[in-house]
Enquirer: 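My structure is below; once you've seen it, I'll send some questions.
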Amino acid sequence: MSSLNLDDFTDLIERPDGGVRRDAEARRERQIVPPGSLGRLDDLGEWLAAAQGAVPVRPVEQPRVLLFAGDHGIAELGVSARAAGSAGQLVRDVLEGGRPVSVLARQLGVPVRVVDLGLDCDPESLPEDVVRHRVRRGSGRIDIEDALTLEEAEAAFLVGVRIADEEADSGTDLVVLGDVSVGGTTAAGVLVAALCGTDASVVTGRGGLAIDDLAWMRKCAAIRDALRRARPVLGDQLQLLATVGGADLAAITGFLLQSAVRKMPVILDGVVVAACALVGQRVAFRAPDWWLAAHDSGEPGQAKALDRMALDPLLTQGVKVGEGMGALLALPMVQAAASLAAELPETPEEKLPEPLDAELEKSEN
């Protein structure tokens with residue numbers, strides 16, 4: 001039995017400030033460019049102002065890319081184009097600057113932090129600041145066994161909570177959240193199918209490296225079998241993460257919820273993060289108000305999760321690589337929205353259009 005009470009998050013999480021958002025909308029109506037002419041940028045600027053509790057909105061100056069890493073035992077079934085247990089090499093490539101997220105983060109000047117929760121590799125092969133939060137080496141094969149013990153799920157969840165506190169305390173003002181995993185999209189598919197009450201085939205995608213038809217059928221069967229194990233524990237979100245999630249997914253869920261408590265906005269990447277966000281929504285219904293969906297990756301499980309949370313992706317670029325890459329692509333758009341909302345001048349008062357009733361009074365005279 002876990003001592004962690006997730007219901008506490010329902011009381012701890014508030015919505016972004018509605019009064020500040022109305023003030024931001026009023027300010028936008030006075031700016032020289034007509035409201036609505038900047039499309040989603042208008043809404044983004046107002047959302048960010050509400051999240052910050054500030055009008056005019058402050059610039060996003062200390063964003064951070066945060067990647068949670070883990071290997072999933074279900075990858076042993078050949079559900080991924082990558083070899084089981086190979087996520088550690090992906091992490092090394094990220095740290096050495098050889099992955100797409102590394103390249104774009106360098107260009108944008110955004111630091112990247114990687115947290116190992118359950119990689120299946122020798123911890124001495126990675127830096128201490130990456131591996132020090134590891135809960136276990138790899139995870140169970142969720143079609144036939146639990147991914148984690150309940151104690152491990154709780155420990156991983158609390159790692160995510162602590163990291164959210166660390167980032168908020170260090171001044172991080174926006175998090176670009178992603179994962180580095182092998183087999184993670186299969187676990188994510190199980191969570192989405194279970195929480196949305198749908199079949200395995202509806203949420204089974206082809207992953208970042210576009211698996212072939214045979215691998216897709218193996219993945220679909222794995223999700224179907226894991227779903228049978230997930231349904232009996234749907235009422236307990238921590239037990240659900242232990243049964244069919246993984247240490248990295250549990251940590252992402254904890255991070256998302258505590259970020260909402262700390263009023264730190266988060267940009268969500270692909271299907272793994274979306275699945276964890278869906279678990280987070282089940283825990284605290286106000287939490288998604290603090291999150292932005294970065295992009296549509298083409299993964300059906302991601303689309304299902306975002307639709308359930310009423311989150312509309314900012315971009316549709318077909319980026320499937322994961323690792324926070326799609327979310328990082330959305331960061332300049334969020335920063336642009338903040339700059340426009342803060343810096344566009346207001347129309348001088350003498351040039352503002354007169355209210356309709358004043359015009360009618362003039363015409364009658």
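Since this is a predicted model, take the numbers as computed values, not measurements.
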Enquirer: Just by distance, do the side chain of R106 and the backbone of G97 share a donor-acceptor pair under 3.5 Å?
Expert: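 Pair found, side chain donor or acceptor close to backbone of G97.
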Enquirer: Taking all non-hydrogen atoms of both residues into account, name the closest pair between A287 and L257 and its distance.
Expert: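 That closest heavy-atom pairing would be CB-CD2, 4.1 Å.
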Enquirer: Please tell me if the side chains of P63 and D173 come closer than 4.5 Å, counting only heavy atoms from C-beta onward.
Expert: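 Side chain of P63 against side chain of D173, heavy atoms only: contact under 4.5 Å found.
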Enquirer: Does V112 form a side chain to side chain contact (heavy atoms under 4.5 Å, CB included) with L67? I'd like the steps, not just the answer.
Expert: CA-CA 8 Å; V112 178; L67 307 176; 4.1 Å; yes
Enquirer: Could you tell me which non-hydrogen atom of L158 sits nearest to which non-hydrogen atom of L4, and how far apart they are?
Expert: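 Residues L158 and L4, closest heavy atoms: CD2-CD1, 3.9 Å.
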Enquirer: Is the closest side-chain donor-acceptor distance between S170 and E166 under 3.5 Å?
Expert: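 No pair is found: no donor N or O on one side chain lies under 3.5 Å from an acceptor on the other.
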Enquirer: Could you go through the side chain to side chain contact (heavy atoms under 4.5 Å, CB included) check for L241 and L148 one step at a time?
Expert: CA-CA 8 Å; L241 290 165; L148 311 166; 5.8 Å; no
Enquirer: Has the side chain of R218 got a donor or acceptor atom that lies under 3.5 Å from a matching backbone atom of G78?
Expert: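 Yes, the answer is positive, given that a donor and an acceptor are paired below the 3.5 Å cut-off.
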Enquirer: Using a 6.0 Å cut-off, check whether atom CZ of R22 has over 12 heavy atoms from anything other than its own residue.
Expert: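 No, because the 6.0 Å sphere around CZ of R22 holds 12 heavy atoms or fewer from other groups.
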Enquirer: Quick check for you: to the nearest 0.5 Å, what is the distance between R224 atom CZ and D143 atom CG?
Expert: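 The CG atom of D143 is 9.5 Å from CZ of R224, to the nearest 0.5 Å.
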Enquirer: Is R137 salt-bridged to D71, going by a charged N under 4.0 Å from an acidic O?
Expert: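 Salt bridge absent between R137 and D71.
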Enquirer: Verify the cluster assignment for V57 and V33: are they in a single hydrophobic cluster under the rule of side-chain heavy atoms below 4.5 Å apart?
Expert: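 Yes, because V57 and V33 connect within a single hydrophobic cluster, where side-chain heavy atoms sit under 4.5 Å apart.
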Enquirer: What's the separation between atom CG in L177 and atom CZ in F255, rounded to the nearest 0.5 Å?
Expert: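 Between L177 CG and F255 CZ, I get 6.0 Å after rounding to 0.5 Å.
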Enquirer: Given 3.5 Å as the limit, does a donor-acceptor pair link the side chain of E76 with the main chain of R141, or not?
Expert: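 Absent.
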Enquirer: Salt bridge check: are E46 and R28 linked by an N-O gap of less than 4.0 Å?
Expert: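 Salt bridge absent between E46 and R28.
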Enquirer: Salt-bridged, K263 to E14, with N to O below 4.0 Å?
Expert: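 Result for this pair is yes, salt bridge flagged.
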Enquirer: Using a strict cut-off of less than 4.0 Å between a Lys/Arg side-chain nitrogen and an Asp/Glu carboxylate oxygen, indicate whether R206 and D213 qualify as a salt bridge.
Expert: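 Counted as a salt bridge, because a side-chain N and a carboxylate O are separated by less than 4.0 Å.
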Enquirer: Group every Ile, Leu, Val, Met, Phe, Trp and Tyr by side-chain heavy-atom contacts under 4.5 Å, then state whether V321 and L329 land in the same group.
Expert: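 Per the 4.5 Å side-chain linkage, V321 and L329 are co-clustered.
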Enquirer: Mind checking whether R82 and L90 have side chains closer than 4.5 Å, heavy atoms only?
Expert: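 Yes, at least one pair of side-chain atoms sits under 4.5 Å.
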Enquirer: Are V283 and L240 grouped together when hydrophobic residues (ILVMFWY) are joined by side-chain heavy atoms under 4.5 angstrom apart?
Expert: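 Shared cluster, yes.
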Enquirer: Any salt bridge between K304 and D307, counting N to O under 4.0 Å?
Expert: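 The answer is no: the pair does not qualify as a salt bridge.
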Enquirer: Which value, rounded to the nearest 0.5 Å, describes the distance between M309 atom CE and R282 atom CZ?
Expert: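 Interatomic distance, M309 CE to R282 CZ, rounded to 0.5 Å: 12.0 Å.
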Enquirer: Is any side-chain heavy atom of V161 closer than 4.5 Å to a side-chain heavy atom of F9?
Expert: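 When only atoms from C-beta onward are counted, F9 and V161 do touch, with a gap below 4.5 Å.
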Enquirer: So which atom in R136 and which in A147 form the shortest heavy-atom distance, rounded to 0.1 Å?
Expert: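 Where R136 meets A147 most closely, the heavy atoms are NH1-O, 3.1 Å.
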Enquirer: Under 4.0 Å between a side-chain nitrogen and a carboxylate oxygen: does that hold for R21 and D43?
Expert: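 The answer is yes: the pair qualifies as a salt bridge.
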Enquirer: Ignoring hydrogens and angles, tell me if any N or O in the side chain of Q89 forms a donor-acceptor pair with the backbone of S86 under 3.5 Å.
Expert: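 Such a contact is absent between Q89 side chain and S86 backbone.
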Enquirer: Which heavy atom of A293 sits nearest a heavy atom of L311, and at what distance?
Expert: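 That closest heavy-atom pairing would be CB-CB, 4.0 Å.
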Enquirer: If you measure from CG on D7 to CD on Q237, what distance do you get to the nearest 0.5 Å?
Expert: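 One gets 9.5 Å once the value is rounded to the nearest 0.5 Å.
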Enquirer: Are W47 and P265 packed together at the side-chain level, in the sense that at least one heavy-atom pair is separated by less than 4.5 angstrom?
Expert: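 Answer yes - side chains close enough.
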Enquirer: Would a single hydrophobic cluster contain both V20 and L48, if residues Ile, Leu, Val, Met, Phe, Trp and Tyr are joined by side-chain heavy-atom contacts under 4.5 Å?
Expert: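 Result: no, two separate clusters.
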Enquirer: Checking L195 against R308 for the side chain to side chain contact (heavy atoms under 4.5 Å, CB included) test, could you report, in this order, the C-alpha distance in whole Å, the side-chain angles of both residues, the deciding distance, and whether it holds?
Expert: CA-CA 9 Å; L195 292 170; R308 180 59 62 95; over 6 Å; no
Enquirer: If you apply the rule salt bridge (charged side-chain N to carboxylate O under 4.0 Å, His left out), what do you find for D129 with R113, and how did you get there?
Expert: CA-CA 9 Å; D129 64 334; R113 181 181 184 183; over 6 Å; no
Enquirer: Run the salt bridge (charged side-chain N to carboxylate O under 4.0 Å, His left out) test on K320 and E299 for me, step by step, so that the C-alpha distance in whole Å, both residues' side-chain angles and the decisive distance to 0.1 Å come before the verdict.
Expert: CA-CA 8 Å; K320 302 179 186 298; E299 281 283 316; 5.8 Å; no
Enquirer: Between the main-chain N or O of T10 and the side-chain N or O of R286, is there a donor-acceptor pair closer than 3.5 Å?
Expert: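 Such a contact is found between R286 side chain and T10 backbone.
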Enquirer: Examine distances only and state if a side-chain atom of E154 and a backbone atom of L150 form a donor-acceptor pair shorter than 3.5 Å.
Expert: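 Absent.
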Enquirer: Regarding H72 and D120, is there a side-chain donor-to-acceptor distance under 3.5 Å anywhere?
Expert: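 The answer is no; no qualifying pair exists.
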Enquirer: Could you state whether L249 and L234 fall into the same hydrophobic cluster, counting links through intermediate Ile, Leu, Val, Met, Phe, Trp or Tyr residues with side-chain heavy atoms under 4.5 angstrom apart?
Expert: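 The answer is yes; both residues are in one hydrophobic cluster.
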Enquirer: With a 4.5 Å heavy-atom cut-off, do Q107 and V103 have their side chains touching?
Expert: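 They are not in side-chain contact.
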Enquirer: Kindly give the heavy-atom pair with the smallest separation between I223 and T204, and that separation in Å.
Expert: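 In this case the closest contact between I223 and T204 is CD1-OG1, 3.5 Å.
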Enquirer: Between D116 and R134 (salt bridge meaning N to carboxylate O under 4.0 Å), is one present in this structure?
Expert: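 Judged by the 4.0 Å cut-off on N to carboxylate O distance, D116 and R134 do form a salt bridge.
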Enquirer: Hey, does F68 have a side-chain heavy atom less than 4.5 Å from the side chain of I163?
Expert: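 Yes; the side chains approach each other to less than 4.5 Å.
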Enquirer: Any side-chain heavy atom of W290 within less than 4.5 Å of one from L256?
Expert: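 No. Closest side-chain heavy atoms not under 4.5 Å.
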Enquirer: Taking the side chain as C-beta and beyond, is there a heavy-atom pair between L340 and Q31 under 4.5 Å?
Expert: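 The answer is no, as the side chains (C-beta and beyond) never meet within the 4.5 Å cut-off.
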Enquirer: Could you tell me the separation between the CZ atom of R40 and the CG atom of L314, rounded to the nearest 0.5 Å?
Expert: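 With rounding to 0.5 Å, CZ (R40) is 4.5 Å from CG (L314).
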Enquirer: T253 side chain to G280 main-chain N or O, any donor-acceptor pair under 3.5 Å?
Expert: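 Checking the backbone N and O of G280 against the side chain of T253, no donor-acceptor pair under 3.5 Å is found.
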Enquirer: Mind running side chain to side chain contact (heavy atoms under 4.5 Å, CB included) on T185 and K219 for me, showing each step along the way?
Expert: CA-CA 9 Å; T185 62; K219 185 174 182 178; 2.8 Å; yes
Enquirer: State, to 0.1 Å, how close A294 and A327 come at their nearest heavy-atom pair, and which atoms those are.
Expert: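 Result for this residue pair: CB-CA, 3.3 Å.
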Enquirer: If the threshold is 4.0 Å, N to carboxylate O, is there a salt bridge linking R229 and D146?
Expert: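 Yes, R229 and D146 are salt-bridged.
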Enquirer: Got a second to check how far T347's OG1 is from E29's CD, nearest 0.5 Å?
Expert: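 Reported value, rounded in 0.5 Å steps: 11.5 Å.
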